[in-house]
**Q** 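Here's a structure for you.
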Protein chains: 2
Amino acid sequence: MTAAGPDETGRGRSPRVVDAIRDAVTGGEFAPNQRMVEAELSERYGVNRASVRDALLELASEGLVERIPNRGARVREVSLAEAVEITEVRMALEGLCAAKAAERATEEDRVALRGIAASMRDAVAAGDMFGYSDLNKRLHELVMTISGQATARTVLARLRGQNVRRQFRLAMHPGRPAVSLPEHLAIVDAVCAADPVAAEAAMRAHLRSVVDALPEVEKSHPRRFDAL
Amino acid sequence: MTAAGPDETGRGRSPRVVDAIRDAVTGGEFAPNQRMVEAELSERYGVNRASVRDALLELASEGLVERIPNRGARVREVSLAEAVEITEVRMALEGLCAAKAAERATEEDRVALRGIAASMRDAVAAGDMFGYSDLNKRLHELVMTISGQATARTVLARLRGQNVRRQFRLAMHPGRPAVSLPEHLAIVDAVCAADPVAAEAAMRAHLRSVVDALPEVEKSHPRRFDAL
DNA sequence: GAGGACAGGATTGTCGACGATCTCGGGTGG
DNA sequence: CCACCCGAGATCGTCGACAATCCTGTCCTC
C-alpha cells in the first residue's frame, strides 16, 4: 500500500490520450453537443482509433461525454438543472469532508488553511479574480485532503470535471467574491477551531450560496447556441 | 429536463460482457484480489479480448476491479476502512436524497413507501431475512427515485456495487433487523410527513448505525484468506 | 405533392496479430 | 553465499482491417 492513499482509480493505461481529450473538453476546445468522431480524434492526437475509443469510454464514465450505442460520442451538455444537482451533491459530500477535516486537522494543516485564507483576502482586495479562482480550488481540495476521505475525494473530482467551466464563470462573476470570501473564511475558521458541526454548516452554507448564484450567472452569460 | 432522469451514463456499447463480468464480480464468482487475465475472460465469455478490455476499463472506473498499467486487472479488495468511507458518503448523499424526497413526495409515493414499511415489518416478524434485505434495497432506491436527484443516484449506484456483499452479510447478521427496522420506519415516517429535516436526520442516523455495525459483522464473519 | 422503400455514405463495433513492457527464473562473478 | 545480469515467458498496449449498424438523400408509387 502506498503512503498517500488510493485515490487514483487504478486504470493506468496510456495517460496521454485520455488526459489530452479531457483537457480539451474541460478547456472548451470542443463545444457542448459537438460530435466527437473517433477517426478525427485518432488523427488529431496521432494515436490509434482503439486508444481514442478507450479514452472516450473513460470520459463517458466520468460524465464528460455522452455515448450513444451505434451513433458515437458527443460533448455532454450540462444543463442548469444538472449543475444545481451536482452542486447539491458537492454540498453533501464536501460538508462531510469539512466535518472530518475539522476532526483531523493538524497544526500544520491549520497553518496551510490560514495561509490560503490570507491569500484569498489579498487576491480579492487586489481584484485578482483569476488568483482567487485558483485559491478557491486549492481550498476545497485541501479540505478534502485533510479529511482523509479518499472515496468522497474521488467522487468529487469526477463531478468537478463536469462543470469546471460553469464554476469558472461563477468565480468571474462581478460581485461574487464579496459573497464567497466571508464564506470561505468561515470554513477555514471552523476547521481550524476543530468544530466539525460548524465546519459542515459553513461548507454547506457556502455551497448553498453557489446553488443560489448559479441561475444568476446563467442569465448574465448568454448561452452558446445549443440547438438540437 | 426529462421525466425520469438521465441516470444511465451514456456508455451504451455492448452491454452483455461488462454486465456479465460485473455480475460475476459482485456475485462472488471471483475472489477478491484474484487476477483477471484478459485472455481467460475472453475465452470464458466467448468475445474478443478488446471487448473484455473495454469491460475491465469500465469496471475499473466503477471501482470494482483494480488495474495496474502493464500488469493486468484484479478484483479490488474493499477494506473495512473503505467500506466505512463508502457508507459515510452514502450517509451524506442519501441524507440529501431523503430531504429532497420529503419535499417532493406525492401521495402515490407515500403509499408506496408505507407499503414497503409494512412489508418490512412482516418480513422481520416472519424472520424472512432475505426478503428484508431485498426490501431494504428497494426502500433506499425508492427514496432516491422520489428525490429526483439523478446525479446522486448515479454516484450511489456506483458505490453500492463496491460493497454489495458486505451489505448482504450485514443484513444477514443476527439481531441486525431489530436495530434497522425502526430506523427504516422512521425514515418512511419523516418522508411521508414531508419533513425534510427529520428525513435527512433519520437517514443519517440509519447509516450511522450501519457504519457502527460494520466492524461487528467483520469480526464475526471470518475473512477469506486474502494473502498478497 | 406526400409517404414510404431503398441505396449510398459514414461511423461505430469487433476481430486477429504484432510490438512493448513487466515479472520470474537461471546463471555468473565477486 | 550473496548480488547482479540476462534471457524466457507471460501479459498488456497498439495497430490496421472487416463487418454491423445507423443516418441521409433520392427515387418510386399512389
Side-chain angles (χ1 to χ4, degrees), chain A residues 1-2 6 8-22 24-25 30-77 226-228, chain B residues 6 8-22 24-25 30-77 226-228:
Chain A
M1 165 79 94
T2 69
E8 270 298 325
T9 0
R11 66 173 203 281
R13 264 184 29 74
S14 66
R16 51 189 204 283
V17 186
V18 64
D19 290 333
I21 300 181
R22 194 202 330 271
V25 172
F30 297 101
N33 281 328
Q34 178 175 341
R35 291 193 59 185
M36 306 185 71
V37 180
E38 295 180 358
E40 288 179 13
L41 298 175
S42 167
E43 187 176 6
R44 169 166 178 172
Y45 293 100
V47 297
N48 192 279
R49 197 165 69 87
S51 308
V52 171
R53 184 185 175 74
D54 285 358
L56 289 178
L57 246 330
E58 173 84 23
L59 296 179
S61 81
E62 290 180 19
L64 282 178
V65 308
E66 196 173 8
R67 281 172 63 79
I68 307 176
N70 277 316
R71 300 189 39 190
R74 55 180 57 199
V75 179
R76 197 167 85 89
E77 164 93 24
D226 53 353
L228 175 54
Chain B
E8 271 299 325
T9 359
R11 66 174 203 283
R13 265 185 26 75
S14 65
R16 51 188 204 285
V17 186
V18 64
D19 290 334
I21 299 180
R22 195 202 329 271
V25 172
F30 297 101
N33 282 327
Q34 179 175 342
R35 292 195 57 184
M36 305 185 72
V37 180
E38 294 180 359
E40 288 179 13
L41 297 175
S42 166
E43 187 176 5
R44 169 166 177 171
Y45 292 100
V47 298
N48 191 279
R49 196 166 70 88
S51 309
V52 172
R53 182 184 174 75
D54 285 357
L56 289 179
L57 248 330
E58 174 84 22
L59 296 179
S61 81
E62 290 179 20
L64 282 178
V65 309
E66 197 173 7
R67 281 173 61 81
I68 306 176
N70 278 315
R71 299 189 40 189
R74 56 181 55 198
V75 180
R76 199 167 83 90
E77 162 94 24
D226 54 352
L228 179 51

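Reminder, nothing fancy here: chain letters follow the sequence lines and each chain counts from 1.
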**Q** B:Arg35 CZ to D:dT11 C1': how many Å, rounded?
**A**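 Computing the B:Arg35:CZ to D:dT11:C1' distance gives 7 Å.
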**Q** Taking A:Arg49 for its side chain and A:Ser42 for its backbone only, find out whether a donor-acceptor pair lies under 3.5 Å.
**A**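 Flag not set: sc A:Arg49 to bb A:Ser42 has no pair under 3.5 Å.
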**Q** To the nearest Å, give me how far apart CD (A:Glu66) and P (C:dT12) are.
**A**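 Going from A:Glu66 (CD) to C:dT12 (P), I get 14 Å.
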**Q** Are A:Ile21 and A:Tyr45 side-chain neighbours, meaning at least one heavy-atom pair lies under 4.5 Å?
**A**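 When only atoms from C-beta onward are counted, A:Tyr45 and A:Ile21 do touch, with a gap below 4.5 Å.
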**Q** On DNA chain D, nearest-nucleotide positions of A:Ala50 versus A:Arg71: which is more 5'?
**A**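 On the 5' side of the pair lies A:Ala50.
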**Q** For the pair made of CG in B:Leu56 and C1' in D:dG13, what is the distance, rounded to whole Å?
**A**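 Answer to the nearest Å: 14 Å.
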**Q** Given atom CG of A:Asn48 and atom P of D:dC12, what is their separation to the nearest angstrom?
**A**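 It works out to 19 Å between those atoms.
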**Q** May I have the distance from A:Tyr45 (atom OH) to D:dG13 (atom P), rounded to whole angstrom?
**A**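 Taking atom P of D:dG13 as the reference, OH of A:Tyr45 is at 21 Å.
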**Q** Would you tell me if any nitrogen or oxygen in the side chain of B:Ser51 comes within less than 4.0 Å of OP1 or OP2 on C:dC15?
**A**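 Result: yes.
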**Q** Which sits closer to the 5' end of DNA chain D, A:Asn70 or A:Gly46, going by the nucleotide each is nearest to?
**A**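 Upstream on the strand: A:Gly46.
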**Q** Expressed as a whole number of angstroms, how long is the span from B:Glu38:CD to C:dA17:P?
**A**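 The distance from CD of B:Glu38 to P of C:dA17 comes to 17 Å, rounded to the nearest Å.
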**Q** B:Arg67 CZ to C:dC22 P: how many Å, rounded?
**A**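 Result: 15 Å.
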**Q** Kindly indicate whether the side chain of B:Leu57, heavy atoms from C-beta on, has any atom under 4.5 Å from the side chain of B:Arg53.
**A**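 In short, these two side chains touch, coming nearer than 4.5 Å.
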**Q** If the cut-off is 4.0 Å, is A:Arg53 near the phosphate of C:dG13, judged by side-chain N/O to OP1 or OP2?
**A**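 It does, given that an N or O in the side chain of A:Arg53 lies less than 4.0 Å from OP1 or OP2 of C:dG13.
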**Q** Going by heavy atoms in the side chains, are A:Val47 and A:Val52 under 4.5 Å from each other?
**A**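 A side-chain contact under 4.5 Å exists here.
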**Q** For the pair made of CZ in B:Arg49 and C1' in D:dG13, what is the distance, rounded to whole Å?
**A**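 So the two atoms are 8 Å apart, to the nearest Å.
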